[in-house]
Amino acid sequence: MILVVGGAGYIGSHLVEELVRTHEVVVLDNLSTGHRGAVDAQAVFVEGDLGSESDLESVFSKYPINAVMHFAANSLVGESVTDPLKYYENNVAATLTLLKIMLKYNVKNFIFSSTAATYGIPDVNIIREDSRTQPINPYGQSKLMVENILADFATAYDLHYVVLRYFNAAGASESGRIGEQHDPETHLIPIILQHLLGQREQISVFGDDYDTPDGTCIRDYIHVTDLAQAHIAALDSLLAEKSKTATYNLGNGQGYSVKEVIDTCESVTGRKANVIIAERRAGDPARLVASSEKIRQALGWKAERDLEQIISSAWNWHQSIQ
Ligand code: UDP
């Protein structure tokens with residue numbers, strides 16, 4: 001059975017929807033940001049906290065867990081700057097507790113959600129896994145700390161793990177059942193679509209004086225279902241004992257500027273946006289684009305869905321929950 005910690009959150013719930021097709025799944029989530037209704041009905045759901053040894057013990061003693069996928073983290077860059085304690089406590093200390101209980105129950109397979117924020121401000125145009133990691137905010141630091149812990153645990157305790165460094169996850173399940181629902185929403189694509197649905201007065205572009213062709217920040221957007229499928233490929237490779245440890249980027253390999261994303265939202269929805277230029281947001285690198293060549297070569301995975309498909313799936317979802 002696979003334990004998905006944080007399986008009620010945005011990325012976790014999309015992963016669970018795919019994973020239940022081929023695996024038995026138990027979800028542990030404290031519902032601090034996740035939604036109970038987002039968890040696929042085929043998964044067992046346990047409400048609990050990954051920082052609580054007793055909540056973890058009750059899951060590990062009851063279910064025959066052979067791998068853990070860990071999605072339960074705080075992930076807002078700005079908030080991590082103003083409240084680093086929360087990030088180190090929830091993202092690092094709680095993950096240590098999870099790893100400790102895993103080892104106690106002799107569970108040695110682990111999939112970890114990491115981030116492009118581990119790279120900081122890259123000194124290359126296309127980021128590879130061996131590019132320099134130098135986070136510029138506590139969120140990125142917290143994820144890199146766990147990556148380093150995992151490497152030590154692999155050496156000392158024979159932990160097998162895959163680290164997946166996400167670029168910009170976006171879009172919604174093609175089932176139409178789940179999508180991106182944060183409160184408050186801070187991410188670009190849902191903000192644009194909420195505006196185009198009349199739920200926000202305008203869109204603020206955070207800076208148009210970056211060193212990019214149109215002056216706005218460039219990101220690599222990846223469909224959440226592609227992301228989910230990469231996790232399953234990584235999990236199956238661990239379970240088949242093909243490799244002991246690996247770190248992969250997950251992106252599309254294509255960068256889009258904030259302006260290009262707005263243009264694509266306008267063309268997908270047929271609606272016109274009211275855009276204003278605002279101050280830069282702290283902690284935003286000008287350009288983050290991944291090479292996902294390593295995971296393609298190792299596991300045969302690549303992103304199948306482009307920016308239009310990301311936006312149209314998100315648009316269907318946002319319209320359906322109005
Ligand atoms: N962004 C923006 N206006 C918004 C939200 C985001 O201009 O209302 C920009 C943000 O500065 C970044 C890009 O859109 O350059 C993607 O931001 P998001 O928060 O979606 O993801 P992040 O890159 O921070 O993970």
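Starting from 1, each residue takes its place in the sequence as its number. Counting starts at 1 for both ligands and their atoms, following the listed order.
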Residues Y119 and R165: closest non-hydrogen pair is OH-NH1, 2.8 Å

Mind checking what makes salt bridge (Lys or Arg N to Asp or Glu O under 4.0 Å) contact with E79, not counting sequence neighbours? K86

Using links of under 4.5 Å between side-chain heavy atoms of ILVMFWY residues, direct or through other members, which residues join W317 in one cluster? I321

Stepwise salt bridge (Lys or Arg N to Asp or Glu O under 4.0 Å) check, D123 with R132: CA-CA 8 Å; D123 53 6; R132 185 194 60 197; 3.7 Å; yes

Let me have the donor-acceptor pairs involving side chains of residues 149-157, under 3.5 Å, with sequence neighbours excluded, atom names and distances please.
from, atom 1, to, atom 2, distance (Å)
T155, OG1, A151, O, 3.1

Can you confirm if the aromatic rings of Y10 and H35 lie within a centre distance of less than 6.0 Å? no

Around ligand 1, what residues show up once you keep those with a heavy atom under 4.0 Å from it? N168, T186, H187, L188, I191, S204, V205, F206, C217, R219, Y221, V258, R281, D284

